[in-house]
Novice: 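Below: one structure in structure tokens.
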Amino acid sequence: MFQTLSEYSASSWKGSNEYDGLEAVVAGIADGAQLIQAKVRAAVLAQAVGTTGEINVQGEVVQILDTFSSDTLVRTLSESGRVAAVSSEEIEETVVVGDSPAHQYLVQMDPLDGSSNIDVAISVGSILGIWKRQADEMITDSTLLKKGTEQVAAVYTVYGSCTMMVVATRENVQGFTLDPTDGIFRLTNPDIRIPEKNSCYSTNEGNFKGLDLGTQKAVEELRSTYSLRYVGSLVADFHRNLLKGGIFLYPSTKKSPEGKLRLMYEANPLAFIAEQAGGAASSGKERILDIEPKKLHQRCALIIGNKDVVERTVSVMDR
Ligand code: AHG
Ligand code: MN
Ligand code: MN
């Protein structure tokens, strides 16, 4: 009935010039996602919700599952044998995991997105951007400061009513669903394109007062045109908008003048996926994928979804 992830990746990436080895990296992400989704679903019973008491490099309280997810994906990516380095929202510096010529990929990740929603049983997920390492490129923090346009692939998983993994390359966007009966990801959403018709807008309306005038105008226009859907987990809001049409915006606010979301492992991977599916992603000032990164954990504003609605929203913001 449905092609499996390993059948799809063996026929599409293995041995190809541009994507050779990507099948092992995506298999590593799939293995990690399986372990994370099982942990998330059992967390309350295992009393594994709540915080570790530490504060991460973002200045945010670290959830137990943030650390578990980060450690799990670093391990499964390292075991893929094709990843040279990983950066994570939960780890200040870059983690070098392999330095042979076979280790060609660089992965930047938000290992658990929406973590404040875990203890209330709301969807969370993982977001990963995948870049290529130049031949014998030394790995330092600046190695990972590559523009979003240089990604070769991007992946997110969403642990919701089902567990899905969406994988974009420069060719297409493929959606896989985890079969709970055998733990295999199956290609249930081939060649995803964002629907022409935009159905909703997603933003934290509680920030309205802290928005600049142009952005308030843009939100008012969206408010008068679309229904509001806001989960509070970027990956869940993005996934719904990708499949049903929609626009998500987390603009600069008084509280987060740079924006709240992180460029390298939230905005860049989702912008890559959105554009590959026919959508668009902007900071309000420039195309997300064109932003020249300066710091590993830098933040940016994010307006992402249906191309025409993103363009309209950015033009109203700009007035
Ligand atoms: P994370 O859990 O990785 O820190 O990300 C949380 C983000 C994102 O998932 C979501 O869109 C946003 O925080 C929600 O922020 P507000 O609660 O300020 O709306
Ligand atoms: Mn996040
Ligand atoms: Mn996170």
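When a ligand or atom number is given, it counts from 1 through the structure's own listing order. What's counted below: heavy atoms across the whole structure, side chains too, no hydrogens, waters or symmetry copies.
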Novice: Give the atom numbers and elements of ligand 1 that come within less than 4.0 Å of a heavy atom of Asp110.
Specialist: 3 (O)

Novice: Give a yes/no answer: is there an N/O/S atom of Glu89 under 2.8 Å from the Mn ion (ligand 3)?
Specialist: yes

Novice: Going by distance only, is there an N or O of Tyr250 that falls short of 3.5 Å from an N or O of ligand 1?
Specialist: yes

Novice: Report yes or no: does Leu112 have a heavy atom closer than 4.0 Å to ligand 1?
Specialist: yes

Novice: Could you tell me whether Glu137 and Arg133 make a salt bridge, using a distance below 4.0 angstrom between a side-chain N and a carboxylate O?
Specialist: no

Novice: Does any N, O or S atom in Gly114 come within less than 2.8 Å of the Mn ion (ligand 3)?
Specialist: no

Novice: Hydrophobic clusters here meaning ILVMFWY residues chained together by side-chain heavy-atom distances under 4.5 Å, can you tell me if Ile273 and Leu261 are in one?
Specialist: yes

Novice: Side chains of Ser126 and Tyr159: is there a donor and an acceptor less than 3.5 Å apart?
Specialist: yes

Novice: Does Glu205 approach ligand 1 within less than 4.0 angstrom via side chain, backbone, both or neither, non-hydrogen atoms only?
Specialist: neither

Novice: Output the atom name for the N/O/S atom of Asp113 with the smallest distance to the Mn ion (ligand 2).
Specialist: OD1

Novice: Would Lys255 count as a polar contact of ligand 1, with the cut-off being nitrogen or oxygen pairs under 3.5 Å?
Specialist: no

Novice: How far is atom 5 (O) of ligand 1 from its nearest protein heavy atom, and which residue and atom is that?
Specialist: Asp113 OD1, 3.1 Å

Novice: Apply the test side-chain contact (heavy atoms from CB on, under 4.5 Å) to residues Leu249 and Leu302: give CA-CA distance (whole Å), side-chain angles for both, the deciding distance (0.1 Å), then the verdict.
Specialist: CA-CA 6 Å; Leu249 52 161; Leu302 179 64; over 6 Å; no

Novice: Parallel, tilted or perpendicular for Tyr8 and Trp13, by the 30°/60° rule?
Specialist: perpendicular

Novice: Under 3.5 Å between some N or O of ligand 1 and some N or O of Gly114?
Specialist: yes

Novice: Relative to the heavy atoms of Asn204, which atoms of ligand 1 are at a distance of less than 4.0 Å?
Specialist: 16 (P), 18 (O), 19 (O)

Novice: Let me check something: do Val107 and Ile127 share a hydrophobic cluster, defined by ILVMFWY side-chain heavy atoms less than 4.5 Å apart, either directly or through other members?
Specialist: no

Novice: So if I count the atoms of ligand 1 from 1 in the order they appear, which ones are less than 4.0 Å from some heavy atom of Leu234?
Specialist: 8 (C), 9 (O), 10 (C), 11 (O)

Novice: In the protein, what heavy atom is nearest to atom 4 (O) of ligand 1, and what distance, to one decimal place, separates them?
Specialist: Arg262 NH2, 3.2 Å

Novice: For atom 19 (O) of ligand 1, grab the closest protein heavy atom and report residue, atom and distance to one decimal in Å.
Specialist: Tyr230 OH, 2.6 Å

Novice: For atom 10 (C) of ligand 1, find the nearest protein heavy atom and state the residue, atom name and distance (0.1 Å precision).
Specialist: Gly232 O, 3.3 Å

Novice: Give the numbers and elements of all ligand 1 atoms closer than 4.0 Å to a heavy atom of Ser115.
Specialist: 2 (O)

Novice: By number and element, which atoms of ligand 1 are closer than 4.0 Å to a non-hydrogen atom of Ser233?
Specialist: 9 (O)

Novice: From the N, O or S atoms in Asp110, identify the one nearest to the Mn ion (ligand 2).
Specialist: OD2

Novice: Would you say that Gln34 contacts Ile184 through its side chain, given a criterion of any heavy-atom pair below 4.5 Å between the two side chains?
Specialist: no

Novice: In terms of heavy-atom contacts, does CD of Glu205 have more than 12 from other residues, nucleotides or ligands at under 6.0 Å?
Specialist: yes

Novice: For atom 7 (C) of ligand 1, what's the nearest protein heavy atom and its distance?
Specialist: Leu261 CD2, 3.9 Å

Novice: Should Glu89 be counted as touching ligand 1, given the test is an N or O pair under 3.5 Å?
Specialist: yes

Novice: Charged N to carboxylate O under 4.0 angstrom, Arg312 versus Glu221?
Specialist: yes

Novice: Closest N/O/S atom of Glu266 to the Mn ion (ligand 2), by atom name?
Specialist: OE2

Novice: Who's closest to atom 16 (P) of ligand 1 heavy-atom-wise, of Gln63, Glu266, Lys260?
Specialist: Lys260

Novice: Determine, using the 4.5 Å side-chain heavy-atom cutoff (strictly less than), whether Tyr226 and Leu228 are members of one ILVMFWY cluster.
Specialist: yes

Novice: Applying the side-chain contact (heavy atoms from CB on, under 4.5 Å) criterion to Glu54, which one of Val62, Val61, Asp66 satisfies it?
Specialist: Val62

